[in-house]
Amino acid sequence: MPPEAARWRRFSDVFSTVVETAGYSCIIPPMFEDIGVFRRLGEATDVVTKEMYDFEDKGGRHVALRPEQTASVCRAFAQHRPPTPWKVWYSGPNFRYEKAQAGRYRQFDQVGIEVLGTDDPDIDVEVIFLGWDFYRRLGLSNVTLMLNSLGDTDDRQRYVDALATHFNDQKTTLSEEAQRTLEKNPLRVLDSKREQDKAAIDGAPLLKDFLGDDARVHFERVCEGLRELEVPFVVNDRLVRGLDYYRRTTFEFVSTALESSQNAVGGGGRYDGLVEELGGPPTHGIGFALGVDRTLLACDAEGVFGSSSDSVDVFVVDVVDGRHARGLSHDLRRHGFSADRAFDGRSMKSQMKAADRSGAKVAVIVGQDEVSAGTCVVRRLDSSDQVVIPRADLVDYLGSIGLKPSTETA
Ligand code: AMP
């Protein structure tokens with residue numbers, strides 16, 4: 001609803017400004033795809049197994065509403081093979097059948113970027129910096145960047161094996177949910193927030209002890225770059241991301257202004273294999289998705305990036321027959337002022353009420369006397385001061401009292 005909806009748009013505008021200055025182009029992935037596209041995200045992920053809105057369409061195709069947008073970006077890359085590195089940004093809603101609660105919804109918006117086709121650690125630095133910089137531009141100061149490396153595929157596999165052994169040894173101490181997760185994906189057990197699982201998680205092997213040389217060098221270079229750009233971060237050994245394809249750099253932005261169960265405002269990392277799975281060549285990828293709804297909750301908690309009003313500059317009041325309001329508001333809009341008016345032949349009183357409600361700075365009032373004299377009354381709505389000016393001078397006059405046309409479309 002307005003005015004909140006305008007805030008959503010402004011959010012996306014700030015985001016696009018930040019990422020477009022770094023060479024990212026806008027991509028608009030479809031709202032739904034063949035379900036196979038999303039299944040490639042990994043059969044062990046809740047997003048895929050439990051939370052997809054999938055259905056058969058009238059042509060008998062099994063499709064799903066997008067639960068996220070990385071898979072669609074990779075599908076588009078595999079299909080169209082653009083030159084690399086391919087740097088894109090997106091913004092829009094996703095759908096997940098989750099247990100709805102504050103900060104967790106079944107339709108929620110994300111903004112994000114993806115870079116396909118380079119393994120250079122400096123792109124990791126760029127991607128992470130852009131997320132960080134965006135939060136800063138919104139005015140948020142209580143966002144912590146958590147960073148980790150999941151290693152290369154072999155490192156990760158050795159780690160997963162070690163974790164599986166560790167958690168299987170402790171299986172009887174784990175919650176039922178964690179036991180089920182263990183069978184599907186031992187890494188995800190580390191995500192459990194249940195008190196019962198804490199001891200087993202605390203004693204689990206650490207990922208950093210399994211990193212091979214290549215992954216270690218890559219991670220060190222990422223850390224070095226972030227330090228150079230003065231992005232503070234915390235290395236969090238327990239940070240694993242849900243998708244099966246994540247490797248090397250993973251990160252999450254956490255708002256300390258939000259309750260801990262829903263405090264992740266965004267996250268991302270490197271992934272390989274997704275483009276290949278979707279029919280393209282082997283391609284490195286990295287990106288992030290930031291939750292718009294949740295980031296706005298963090299903004300509220302910090303008292304920054306509030307709703308701005310949707311008010312117009314001028315409200316035209318016509319107490320003759322509405323034709324003057326039609327002509328004047330059209331003329332003002334052509335000159336770049338935002339202008340609104342009343343309809344349905346309302347009384348002067350009712351039109352002035354509407355003018356106040358509109359938040360306009362001035363009302364331009366036309367009655368029979370003004371029409372005969374070729375003038376109009378300009379009334380400041382904050383002070384009720386008013387002047388009579390020739391209608392031909394209206395645009396210049398509004399400019400002279402500080403109302404600036406936003407766009408000159410005349
Ligand atoms: P993910 O795509 O799961 O990595 O999530 C990235 C970000 O999107 C999270 O950090 C949240 O801020 C946001 N997010 C994910 N799921 C939801 C949801 N159901 N409702 C609101 N925000 C969400």
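All ligand and atom numbering here is 1-based and tracks the order in the structure. Values reported hereafter were calculated over all heavy atoms of this structure, with side chains retained and with hydrogens, waters and symmetry mates removed.
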key: ring pair (Phe, Tyr, Trp, His ring centres under 6.0 Å) involving Phe219 - partner list, sequence neighbours excluded   =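 Phe219: no ring pair (Phe, Tyr, Trp, His ring centres under 6.0 Å) contacts found.
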
To check your reading of the model: name the closest protein heavy atom to [atom], its residue, and the distance in Å.
atom: atom 2 (O) of ligand 1; value: Arg96 NH2, 2.9 Å
atom: atom 6 (C) of ligand 1; value: Gln110 NE2, 3.3 Å
atom: atom 19 (N) of ligand 1; value: Glu98 OE2, 2.6 Å
atom: atom 4 (O) of ligand 1; value: Arg241 NH2, 2.6 Å

Phe134 ring center near Phe11 ring center (under 6.0 Å) = yes

query = Which part of Glu68 is near ligand 1, with near meaning a heavy atom under 4.0 Å away: side chain, backbone, both or neither?
reply = neither

request  = With heavy atoms only and a cut-off of under 4.0 Å, state how Asp293 meets ligand 1: side chain, backbone, both or neither.
outcome  =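 For Asp293, there is no contact with ligand 1 at all, from either part.
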
note = Quick note, side chain to side chain donor-acceptor pair (under 3.5 Å) partners involving residues 162-176, not counting sequence neighbours, are Ser175-Asp197

message = Only heavy atoms of Ala264, strictly under 4.0 Å: list the atoms of ligand 1 that pass.
response = 9 (C), 10 (O), 11 (C), 12 (O)

ask   = Which ligand 1 atoms does Gly266 reach within 4.0 Å, using its non-hydrogen atoms?
value =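 Those atoms are 10 (O).
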
message = Nearest non-hydrogen contact with atom 13 (C) of ligand 1 belongs to which option: Gly267, Gly291, Ala289?
response =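 Nearest heavy atom to atom 13 (C) of ligand 1 lies in Gly291.
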
query = Among Phe108, Phe95, Tyr105, which one has a heavy atom closest to atom 14 (N) of ligand 1?
reply = Phe108

inquiry  = Ser141 vs Glu302, test: side-chain hydrogen bond (donor to acceptor under 3.5 Å, both in side chains). Steps then yes/no.
reply    = CA-CA 8 Å; Ser141 43; Glu302 289 199 33; 3.2 Å; yes

ask   = Judged by modelled atom types alone, do Gln101 and Gln262 share a side-chain donor-acceptor pair under 3.5 Å?
value =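 Short answer, yes.
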
query = Does ligand 1 have any atom that is closer than 4.0 Å to a heavy atom of Gly103?
reply =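 Within the 4.0 Å threshold, so yes.
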
